Amino acid sequence: MDKTYQPQAIESRLYQQWEENGYFAPAGSAATRGEDSAYCIMIPPPNVTGSLHMGHGFQETIMDTLIRYHRMQGYNTLWQPGTDHAGIATQMVVERQLEAASTSRKELGRDKFIEKVWEWKEQSGGTITRQLRRMGASPDWSRERFTMDDGLSNAVQEVFVRLYEEALIYRGTRLVNWDPKLHTAVSDLEVEQEEENGSLWHYKYPLADGSGHLTVATTRPETMLGDMAVAVHPDDERYKSFIGKDIALPLTERTIPVIADDYVDMEFGTGCVKITPAHDFNDYEMGQRHNLPLMNIFTEDATLNDNAPQQYRGMDRFAARKQIVKDLEALDLLEKVEPHKLKVPRGDRTKEVIEPFLTEQWYVDAKTLAKPAIAAVENGDINFVPKQWENTYFAWMRDIQDWCISRQLWWGHRIPAWYDSENTIYVGRSEAEVREKNNLGADIELRQDEDVLDTWFSSALWTFSTLGWPDDTPEQKIFHPSSVLVTGFDIIFFWVARMIMMTLHFKQEVPFHTVYVHGLVRDSHGQKMSKSKGNVLDPIDLIDGIELDPLIEKRTSGMMQPQQKEKITKQTKKEFPDGINAYGTDALRFTYLSLASTGRDIKFDVGRIEGFRNFCNKIWNAARYVLMNSEEFDLSGDNYELSLADRWIISRLQETETAVADAVAQYRFDLASQAIYEFFWNEYCDWYLELSKPVLWAEDASPELQLGTRRTLVRVLEAALRLLHPMMPFITEEIWQRIKGLAGAEGETIMLQAFPCADNSKVDAEAIDAIEWLKRIIIGVRNIRGEMDISPKKHLAVFFKNGSPEDQSRLDDNEPFLKKLANIESITWLNEGDEAPMSATALAGEMEVLVPMAGLIDTEAEKARINKEIDKQGKEVKRLSGKLGNEKFVSNAPTDVVEKEKAKLAEAESALQKLQEQLDKLSAL
RNA sequence: GGGUGGUUAGCUCAGCUGGGAGAGCGACGGCCUUACAAGCCGUAGGUCACAGGUUCGAUCCCUGUACCACCCACCA
């Protein structure tokens, strides 16, 4: 074995073996395993043409850990992989490519364009799944699905048709969020409201009869061309007399009424609001209440249409704004402009300003579907972890709006609706079915709806469409509902809520029992990672490492402003002067898990991953040690004896196994990883391996004891590897393969071994006490050595004073260990009355451990050290005696607490007394 | 405007339904001790954001305040 762990030497080889051997597939049918033993996770399908980012890495690690854990526990385990066609995102990428090639989607035409998208999908579609493999993910790749493949498209169509037939899908004309760049409607969720700096213009609107004017305040002057009224509050004394009068709308030939509506806030602006029902959601509502006509003034590109006065037609909305501001000012109608912060709606993909736009679209009746979906969480059929996300879910679901599902895109599931020349709607699974069902002869021309469905429509069916629905498949019986959904809070509404609605409706069961909601991965300063900030880390770079120059190149490529490029370059040079080391997959996974405490975002600090890379190295070297000391021996016999240390480490292993099981049951991967880390490093390596040396290296040790130690070394390591495998699959497999024979394990892979389960009968309290005793003494001597600057090489002669018979017997049992671990030459037991040399002292309970000072220790230094300890113990005594002197504490606190405090006090008092005596002696010199 | 989460060592975070705080990294001192210098040994760091309250006792429970982050919402 290499002296240092080299992840790149083993990872891809092992992964290939796992995949080729079919270890990722579920093991056994429902008949052989029983349905109860199934465990299933559906992957949140990443964009098919995307690539892995830190959020994926985090999420995949959690899922894979859960999957490997349950697989090892013997569940019939399915991790269902797949990818999403990501309508808008993918179409945008391909359109950009076309643009670069000086053509466009329109030029190409629908069929050719879709062909191009499929080409792009074939070309780049493997990236993310390849990267998932690098993460060590173990989904059943043979079952991989794509939202646009035949089976899933079939499910989408079926769901659409059935919902339409149940009147839960309908077509309606209303204001939608329109993206003028993409030329499509988007749902409310796809609109981000960002606060931006704008202006609030105050304009005079003259009355038609010339008797005066009202002043309206607006952030969007250009929409005034579509104004249909001016509204005031009915109780507003200032404007009561204006209600019912007419306004001569400037720049147009139209007159509009002054209306009263209590939506108007008297305090804001001037208290007069211009009402543009076709271009504002609130105005639309008010228009409905007051029967105002709608006048749309925009085209699909958000340029002004023919409803606008001649001089504005064809102008872009922002150019029109400038022009209208100018024109109104020229008419002397501008009263004032003030700076104003406002929320600007932007498309989450295009960042384009979204325009409320009157169109005909398809909608899902979400209110009806939401009812059972709310109930399922209320009654505990679905549990969120952490629980507070349920409130977020409820709040949204109880006020849910109908879901606009049609998109004016080409890439996606085409809506299965046909129209005749009269625009009658026919919905069906195919044109043929539509014709047959509606008795439409071949002479009647039908055209299919041009639109496609929102990407999330197909994602909403994911848990059952991937298992073969609408066909009745055995997979659905075994694996549905799935066990847990692992996802980010940002898609609770987009995806989780809609999955719950759709699945309950079509399967009459929940899609999953638990929703584990994890936080966002941020950079080490808590900033969101984004290309524009230049702070993005790529999980693959953390695995393979990357030099500084390519890292800078990666972070700055495609940057428009050279200024920004420079800033990012500087920042990157500062943070990663030598680039990023190759840490390997296991270190990365362990880092994610150790940061995964529930309910908060995680800051990813490269310092952390380095620490866990070191942990990998520690494991590697511990294994080297174990192999060196056991490889050439026959460990198979039964003629062995376990030492105290053996029994101790076996006890601690059981306790660690319990801690890990408890933590995983609560999705506390941070606690689980910490428990293993501590066990392996601080106990197995720091103490047990050291304790094994005196046994293995002693000429005169009994063969039984040596065999016992070798067995324990190997077997505890083997169990620890299994315990660790779901978190660190690669290193554990590699080492396991080398030691399985020695440990008496059989099987081809650690992946399919039993996960360790604590056996409390192996917890040996006596051994634990004995090793604690041992550790106290060794640490005491080391402390003196360190504090008094005694060379580690110096063999010490020490004395034990005031020891009990139990101390005596422990000394007899453990002398070689003490000598080896504290580098002690001799231990002299002092009976009462024996003369003790002038010494530095460490306490082990009542017993004093003396390190003679002659020639080694300076009196003043030792006095200072003792004083420090006296100070500490003195404070403790004061605190405890104060507490115990409090009548109320003694009478009110539970007796076991009082007893515990009393014992602590006695111990502190005894220590204090001994230290004081020692100090007196030193002072007398 | 409503809601959620956070505030603990220099940094990143734990702290198990209340018995006066822990880890990793970093810092400091000493070690090339035959598994590991990506290591070993030792040490020093905290009025647990602030103010009240409940309690014999509060980092933990309650109320309020401040700051940070995020989500939702129709203020032109």
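Remember, it's a predicted structure, so these values are computed and weren't measured experimentally. Residue numbers begin at 1 in each chain, while the letters A, B, ... track the order of the sequences.
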Counting Watson-Crick and G-U wobble pairs only, both distances under 3.5 Å, name the nucleotide matched with [N], or none.
N	value
B:A27	B:U43
B:C16	none
B:U55	none
B:A9	none
B:A69	B:U4
B:C36	none
B:A76	none
B:G64	B:C50

Which residue, A:Lys900 or A:Asp265, contacts RNA chain B at a nucleotide closer to its 5' end, judged by nearest heavy atom?
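That would be A:Lys900.
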
For B:G45, does the O4'-C1'-N9-C4 (purine) or O4'-C1'-N1-C2 (pyrimidine) torsion place it in syn, i.e. within 90° of 0, or in anti?
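This nucleotide is in syn.
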
Looking at every strand, decide which applies to [X] at a 4.0 Å heavy-atom threshold: base, sugar-phosphate, or nothing.
X	answer
A:His340	sugar-phosphate
A:Trp201	nothing
A:Phe615	nothing
A:Glu690	base

Whether A:Lys693 engages the ring of A:Tyr625 as a cation-pi pair (distance to the six-membered ring centre under 6.0 angstrom, angle to the ring normal within 45°) should be assessed.
yes

Under the ring pair (Phe, Tyr, Trp, His ring centres under 6.0 Å) test against A:Trp389, which residue among A:Phe489, A:Tyr516, A:Phe384, A:Phe493 passes?
A:Phe489

Please say which of A:Phe669, A:Phe730, A:Phe612, A:Phe680 ends up in a ring pair (Phe, Tyr, Trp, His ring centres under 6.0 Å) with A:Phe590.
A:Phe612

Among [options], which is the nearest nucleotide to the side chain of [X]?
X	options	value
A:Phe268	B:C70, B:C75, B:G20	B:C75
A:Ala217	B:A76, B:G5, B:C36	B:A76
A:Asn614	B:A76, B:G19, B:A38	B:A38
A:Asn617	B:G19, B:A44, B:A38	B:A38
A:Phe489	B:G20, B:A35, B:C70	B:C70
A:Asn783	B:A76, B:G30, B:G42	B:G42
A:Arg668	B:G30, B:G15, B:C74	B:G15

With rounding to whole Å, what would you report as the distance between B:U63 and B:U54 at their C1' atoms?
11 Å

For atom C1', what is the distance between B:C56 and B:A51, given to the nearest Å?
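Per the computed distance, 23 Å lies between those C1' atoms.
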
For a side-chain contact (heavy atoms from CB on, under 4.5 Å) with A:Val898, tell me which candidate from A:Lys902, A:Lys900, A:Glu901 qualifies.
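Going through the options one by one, the only one that passes is A:Lys902.
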
Identify the heavy atoms of A:Trp697 and A:Asn629 that sit nearest to each other, and give their distance.
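Where A:Trp697 meets A:Asn629 most closely, the heavy atoms are NE1-OD1, 3.9 Å.
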
